[in-house]
K.L.:
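Following this message is one structure expressed as C-alpha cells.
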Amino acid sequence: MKTPGTRKPEEELPNTKPSRRNLIALSASVAAAGLTTLAACNTKPAETAPSMLGTAPSKYGNRSPHEAAARSLPPESKTPSTGASRTPLQDTYGIITPSSLHFERHHSGVPDIDPAKHELLIHGLVEQPLVYSLDDLKRFPAQSRVHFVECSGNGRSEYSGNLAPDPQASHGLASCSEWTGVPVKLLLAEAKLKPEAKWLIAEGGDACKLTRSIPLAKLLDDAMIVYGQNGEPIRPEQGYPMRLLLPGWEGNTNIKWLRRLNLADGPAMTTHETAFYTDLLPDGKARQFSFENEAKSVITRPAGGQKIAAGPGMHDITGLAWSGRGKITRVEISTDGGRIWKDAELQMAGFAKAFTRFRMPWIWDGSATSIQSRATDETGYLQPAAEEMLAVRGRNFGYHNNQIKTWFVRADGTVSHVEQGA
Amino acid sequence: MKTFLLIAISCIGFGQTPRVGRPATEETIKAMDLTVFPDGRGLPPGSGTAVKGKDVFKEKCSVCHNDKGEGRQGQYPALVGGAGTINTPKPIKTVGSYWPYATTVFDYVRRAMPYDQPGTLKPDEVYAAVAFVLNANGIIGDNDEMNAMTLPKVKMPNRDGFVLDKRPDVKAKK
C-alpha cells in the first residue's frame, strides 16, 4: 500500500471530526492510486495568496513563525551548565536533525571559543608531537558522512520503570547530522604512532576539560575530527570549532571543543569512564568501556503526548531506528501488543550508524491497543523487550538502554506511555 | 611533459596528508597536559594531608558538597558514604563506595573543580582536598601525606568492582 500523498500528520490536522463521506473518499482514493491529497477532501477552498508584498531576502533564514518545535529543557537546577536538552524527534521529518534542535549534554556549559585562537595538540606516544589550527585541518581531504550521536543515558529512566511520556523525553538524547571533517587516522599518520600507543586520551576545551580514553582501533577505523554540521560550521553546543566524532559510540566519547589528543599505552581511567558512564549489575560489578550504542527504534507518530484527532481510519505509523554497529536492516511494528509483527518500510537506510526512517500504513479500528517497533541491524542483532533487558541487567544498570518502547492508544485517540488506568 | 604532470598530480590520492601540523614544543605540551594515569604518571610535585585539606575543603568545596562531603539535598553529589550499598537495590555511588582509582579524584578535582572556577586550585590544594575526601571515607589516616608517590598506592574499596563491556548480552526472542 502506498502513502496517501502529501497528507499532513494526523495530529496536526484541524480538530474536526471527519465526515463519513470524507473517510470514504479517502479510502477510495488510497485504493485507487494512493496519490490523493487531503485537499481533495476539504470542503472549504484553501486561502488564496494575499494581495500584498512579502518580505525581502534575508542573510540568515528563520523558520516560519507558525512553527514552534523546540528542544526540551531539564528541570530548574542550581547547576544548569551540567544539564541536557532533548530533540523533539516527534516533530522532525526524514533522518536529519536540524542543527538548532540537536540534543545537548554539557558537563560545564558551552564555552565561547575563538576559532582563530583554538589549537589541537597531538602528543604522547608519537614520534612528532604536533599542533593544528582549524585552518590546518581544513587542508586535509575532507569527508562528509551522516551519523547519529546519542547520549548513552538516553532512556535511562525506563530501567527503573519510570516510563517517559513522549518520544522527546524517552529518546530525545539522540540526533542525526551530516558531519564534515578529517579522519583521525590522517592526523595520527602525520604525528607517527609509536608501537606502544594503544589508547588515545581525548580532552575537550570546556570548563571541566572533559576527558575520555578511546581504544586506538576505533581511531584507525572510522573516527573523525569534524568542523562541519549540516552544511555549516558545527554549532557551539556541538563543540565549535571542532569535535571528535566516533560513529555509533556513546555521545560522551565524542569529545566536543576538542583541544588535546594524548596517545598512551592504556586508559587514563577518567571520571567519565569510572564514576559515570559505567553500568551497575545486580551483583555489584559495573561494566566499563561500553562504547557502542546498540540497535534501537522508537515510533514518533502516533506516540505519547499526541492524539489521533481524525479518529478511526488509515494512519501512517512512522519513527526512527539506529544502531551503533552498522546499518538498520529491518524494523518491525506491532499494533496488537507484540503478538503479530509486520515489516515496516525503511527510508534513507543506506547509511551505517545513522538514523533510518521507517513507516507503515495502519488502519486503526478505533479500539484501545498498544503499538511498538523493534529494529534489527546488519549484525543480526534484534532490539530486545523491556522485560528481557531487565532480567539480564537489573534496574540499576543506568546507561545503554535500547529496549522496545510501547505507546498505548486509547479509544478516544489519545496516545500515552502508560495503559489506561495505570 | 604535460601528460606526465597530469598523471603525477592525479596520483596524489587517498591517504596523502598536507603535512601542516606544526611541531609542538615541550612548553606547549606541559602547559596543556592535565592527564593523571592510574600509575601516577602526570601527577605534579606537591603534597597535602586531610588535616591540611579541612580548610581547603571548607573554603572551596563545602558550598556544594557540604562540610563533610555528604552533599546537599540531592542536587550536589555526595563524595562520602555509601559503603556496602553498591550491590544492593539502592546503591549510593560516591568517591568512597564506587570510584576505583584515587588518581582519578586528583585528575578530576584539578581539571574541573571548583565547579564555577575550574583549574584554579594549586597542586598542594588539590592534594589536600583529595586527602580530605579519602580520609572522610575512612580510606587514609588524618596525617597520611598524599603526593605523586603515595596517591597511586592508595587502594580504593571498589578497585576490583569493574568488568569490561559484555554486550550484546540480551538476546531477544524473535
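Protein chains get the first letters and strands the later ones, always in sequence-line order, with residue 1 at the start of each.
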K.L.:
Which answer fits Gln403(A), side chain, backbone, both or neither, if we ask what part of it has an atom under 4.5 Å from a heavy atom of chain B?
P.N.:
neither
K.L.:
Determine the option with the most heavy-atom pairs under 4.5 angstrom with chain B, choosing from Thr270(A), Leu280(A), Asp283(A), Leu187(A).
P.N.:
Leu280(A)
K.L.:
Under 3.5 Å, is there a donor on one side chain and an acceptor on the other for Tyr132(A) and Glu190(A)?
P.N.:
yes
K.L.:
In terms of heavy-atom pairs under 4.5 Å with chain A, which of Thr25(B), Asp39(B), Thr104(B) leads?
P.N.:
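Between Thr25(B), Asp39(B), Thr104(B), the count favours Thr104(B).
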K.L.:
Which region of Pro183(A), side chain (C-beta onward) or backbone (N, CA, C, O), has a non-hydrogen atom less than 4.5 Å from a non-hydrogen atom of chain B, or is it both or neither?
P.N.:
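The answer is neither part of Pro183(A).
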K.L.:
As an exercise: rank Asp33(B), Val105(B), Val95(B), Thr35(B) by heavy-atom pairs under 4.5 Å with chain A and give me the winner.
P.N.:
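Heavy-atom pairs under 4.5 Å are most numerous for Asp33(B).
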K.L.:
Go through Asp107(B), Val36(B), Ile86(B), Thr94(B) and name the one with the most non-hydrogen pairs under 4.5 angstrom from chain A.
P.N.:
Ile86(B)
K.L.:
In terms of heavy-atom pairs under 4.5 Å with chain B, which of Ala275(A), Ser81(A), Gly394(A) leads?
P.N.:
Ala275(A)
K.L.:
Of all of Thr376(A), Thr278(A), Thr379(A), Thr82(A), which one pairs up most often with chain B through heavy atoms under 4.5 Å apart?
P.N.:
Thr278(A)
K.L.:
Between chain B and each of Pro384(A), Ala286(A), Cys208(A), count heavy-atom pairs under 4.5 Å; write down the option with the most.
P.N.:
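Going by pairs under 4.5 Å, I would pick Ala286(A).
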K.L.:
Donor-acceptor pairs under 3.5 angstrom involving side-chain atoms of residues 118-131 of chain A: please list them, not counting sequence neighbours.
P.N.:
from	atom 1	to	atom 2	distance (Å)
His118(A)	NE2	Leu258(A)	O	2.6
Glu119(A)	OE2	Arg22(B)	NH1	3.3
His123(A)	NE2	Arg260(A)	NH1	2.9

K.L.:
In a check of side chain to side chain contact (heavy atoms under 4.5 Å, CB included) between Asp279(A) and each of Lys285(A), Arg393(A), His400(A), which one passes?
P.N.:
His400(A)
K.L.:
If you count heavy-atom pairs under 4.5 Å between each of Glu26(B), Arg111(B), Arg19(B) and chain A, which one has the most?
P.N.:
Arg111(B)
K.L.:
Any idea how His107(A) and His272(A) line up, ring-wise: parallel (<30°), tilted (30 to 60°), or perpendicular (>60°)?
P.N.:
perpendicular
K.L.:
With only heavy atoms counted, which part of Arg395(A) is less than 4.5 Å from chain B, the side chain, the backbone, both or neither?
P.N.:
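Nothing of Arg395(A), per the 4.5 Å heavy-atom cut-off to chain B.
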K.L.:
How are the rings of Tyr127(B) and Phe106(B) set relative to one another: parallel (under 30°), tilted (30 to 60°) or perpendicular (over 60°)?
P.N.:
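Aromatic pair Tyr127(B)/Phe106(B) classed tilted.
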K.L.:
Report, in residue-number order, which members of residues 151-174 of chain B are under 4.5 Å from chain A by heavy-atom distance.
P.N.:
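Within residues 151-174 of chain B, the residues under 4.5 Å from chain A are Asp160(B), Gly161(B), Phe162(B), Val163(B), Leu164(B), Asp165(B), Lys166(B), Arg167(B), Pro168(B), Asp169(B), Val170(B), Lys171(B), Ala172(B), Lys173(B), Lys174(B).
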K.L.:
Is the NZ or CZ atom of Lys78(A) both under 6.0 Å from the centre of the six-membered ring of Tyr76(B) and within 45° of that ring's axis?
P.N.:
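No - Lys78(A) does not lie over the ring of Tyr76(B) by the 6.0 Å and 45° rule.
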K.L.:
Less than 4.5 Å to any heavy atom of chain A: does that hold for the side chain of Thr85(B), its backbone, both, or neither?
P.N.:
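Neither part.
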K.L.:
Does a side chain donor of either Ser77(A) or Gln75(B) reach within less than 3.5 Å of an acceptor in the other side chain?
P.N.:
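Yes, Gln75(B) and Ser77(A) have a side-chain donor paired with an acceptor closer than 3.5 Å.
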K.L.:
For Tyr277(A), does the six-membered ring have the charged nitrogen or CZ of Arg212(A) within the cation-pi criterion, i.e. under 6.0 angstrom from the centroid and within 45° of the normal?
P.N.:
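Yes, Arg212(A) lies over the aromatic ring of Tyr277(A).
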